[in-house]
Chemist: 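Input: one structure, supplied below.
Values reported hereafter were calculated over all heavy atoms of this structure, with side chains retained and with hydrogens, waters and symmetry mates removed. When a ligand or atom number is given, it counts from 1 through the structure's own listing order. For this chain, numbers begin at 1 and follow the sequence in order.
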Amino acid sequence: MQEKLAEIRKNAKEKIGSVIDLQGLNELKVKFLGKKGELTEILRSMGTISAEERPKFGSLVNEVRNEIEEAIKTAEENLKEKELEQKLEKEKIDITLPSTKIKRGSKHPLNRVIEEIEDLFVSMGYDVVAGPELETDEFCFERLNLPYGHPARDMQDSFYITDTLLLRTQTSAVQARVMLANEEKTPIRMICTGKTYRREDDATHSHQFNQVEGLVIDKKEKNVSLADLKGTLEVLVKKLLGENLQLRFRPSYFPFTEPSYEVDVTCFKCGGKGCPLCKKTGWIEVLGAGIVHPNVLKLNGYDPEKYSGFAFGTGLDRLAMFKYAIPDMRLLYTNDIRFLSQFDRKDEA
Ligand code: PHE
């Protein structure tokens, strides 16, 4: 009996030691430890040995069982590890293969221009403010020295919603809002970018477009002058459109500034020689500007004897068209991916 047990032990250890997969190991488990296994068989035949010998033999059988179980456990762990290694080896990912490309969007040219202008003016100490697109007649016109029936209202074909509410035709409305809100009369240095609306629609005009407005107001003794306005606009134009450009101030008329100017820059297409784009003048109009009209100061809570300042406004769409040589303004609004994807992130660090 004892010999038989020793043989089982030897046999089991050998077999378990040389098994090559989990399935084989399972078969051995059944063969040695299962209900009909060799050890169970031996236990069954315990009846044939004497009562004194039985406990000793019983514990010997248990010892062997434990040893075999232990061996099976170790083998099982080893085999599982091996199988995992093989699996990993087989499924190795080739990290040198090119990945599937994720299409990245690109910033809209208008937003690029808006961000660039905002950054520039913030660097000069300006605040960036916003105003409503649905505006009252009062802020869009009256407070800007354009009373009801004023002929200059005809310069801006508008969309009225009610008798007194309209889609703002100019961001100049924000000038009045900022002045009126500034009860302490602290110095104002603000720019405002945003959507504006007029009844126009052709290659260089759209019923909805974007403007940037600037306003600087300070005590009279600070002497905010035309020279400051010129210097500021020169920075804006040169930084945004090109250092080589020249600026030209042409006398003009706006109801809210006096004197008023229209600001032209050298035609970027012909460099000033004259071409169809600049109608052979060598200049392209880009901005409206001037010294804030005393009436506008008065209408918005400022004493024109004590305060003065300058204001300017320009169409962002036109600036974007110049900057990126876009031939038709409507391209900015048609969401054509072929157009938009030309403005990728190359120029962003
Ligand atoms: N609001 C004017 C326009 O839309 C531009 C402008 C702004 C002119 C500020 C002078 C001062 O045409």
Side-chain angles (χ1 to χ4, degrees), residues 114 117 121 126 128-133 135-147 150-159 166-180 188-200 204-217 224-226 228-234 236-237 247-265 284-297 299-300 302 304 307-321 329:
I114 288 174
I117 292 176
F121 278 95
Y126 283 59
V128 176
V129 301
E133 285 170 37
E135 189 51 282
T136 58
D137 185 277
E138 177 192 348
F139 279 96
C140 199
F141 297 126
E142 282 163 46
R143 286 185 179 278
L144 295 171
N145 202 25
L146 270 152
H150 194 289
R153 285 194 179 207
D154 289 351
M155 297 192 326
Q156 303 178 358
D157 261 344
S158 38
F159 293 111
L166 73 157
L167 295 173
R168 67 177 176 197
T169 55
Q170 51 185 355
T171 44
S172 299
V174 182
Q175 285 190 33
R177 290 196 171 269
V178 169
M179 279 190 250
L180 213 60
I188 293 174
R189 266 184 233 101
M190 75 86 175
I191 61 153
C192 161
T193 60
K195 296 187 185 76
T196 43
Y197 304 83
R198 291 185 202 176
R199 277 184 44 215
E200 314 175 314
T204 51
H205 295 93
S206 144
H207 64 278
Q208 184 242 290
F209 55 106
N210 288 269
Q211 285 193 331
V212 56
E213 191 83 15
L215 177 69
V216 172
I217 291 184
V224 179
S225 70
L226 206 52
D228 298 315
L229 173 62
K230 276 184 113 170
T232 307
L233 296 184
E234 211 164 283
L236 169 62
V237 167
L247 275 78
R248 179 174 81 167
F249 280 61
R250 230 175 343 102
S252 183
Y253 172 76
F254 296 105
F256 26 89
T257 44
E258 182 62 34
S260 299
Y261 298 91
E262 246 151 345
V263 184
D264 301 334
V265 296
I284 287 182
E285 179 205 322
V286 286
L287 282 138
I291 298 297
V292 180
H293 196 294
N295 283 354
V296 174
L297 290 171
L299 284 165
N300 297 291
Y302 279 77
Y307 295 91
S308 67
F310 66 70
F312 60 87
T314 177
L316 284 168
D317 312 70
R318 276 167 71 77
L319 291 184
M321 285 170 79
M329 186 185 277

Chemist: Taking the side chain as every heavy atom from C-beta outward, state whether F310 and I291 have any pair of such atoms under 4.5 Å apart.
Modeler: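 When only atoms from C-beta onward are counted, I291 and F310 do touch, with a gap below 4.5 Å.
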Chemist: Could you check K195, R143, R168, R177 and say which one makes a salt bridge (Lys or Arg N to Asp or Glu O under 4.0 Å) with E135?
Modeler: R177
Chemist: For ligand 1, what N or O to protein N or O distances fall under 3.5 Å?
Modeler:
{"residue": "ligand 1", "atom": "1 (N)", "partner": "Q170", "partner atom": "OE1", "Å": "2.9"}
{"residue": "ligand 1", "atom": "1 (N)", "partner": "S172", "partner atom": "OG", "Å": "2.9"}
{"residue": "ligand 1", "atom": "4 (O)", "partner": "R198", "partner atom": "NH2", "Å": "2.9"}
{"residue": "ligand 1", "atom": "4 (O)", "partner": "Q211", "partner atom": "NE2", "Å": "2.9"}

Chemist: Determine whether a donor-acceptor pair (N or O, by modelled atom type, separation under 3.5 Å) exists between the side chain of R153 and the backbone of L146.
Modeler: yes
Chemist: Taking the six-membered ring for Trp, is the centroid-to-centroid distance between Y302 and Y307 below 6.0 Å?
Modeler: yes
Chemist: Would you say that more than 12 heavy atoms from the other residues, nucleotides or ligands in this model lie under 6.0 Å from the CZ of R199, or not?
Modeler: no
Chemist: Taking the six-membered ring for Trp and the full ring for Phe, Tyr or His, determine whether the centres of F121 and F312 are under 6.0 Å apart.
Modeler: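 Centroid distance F121-F312: below 6.0 Å, so yes.
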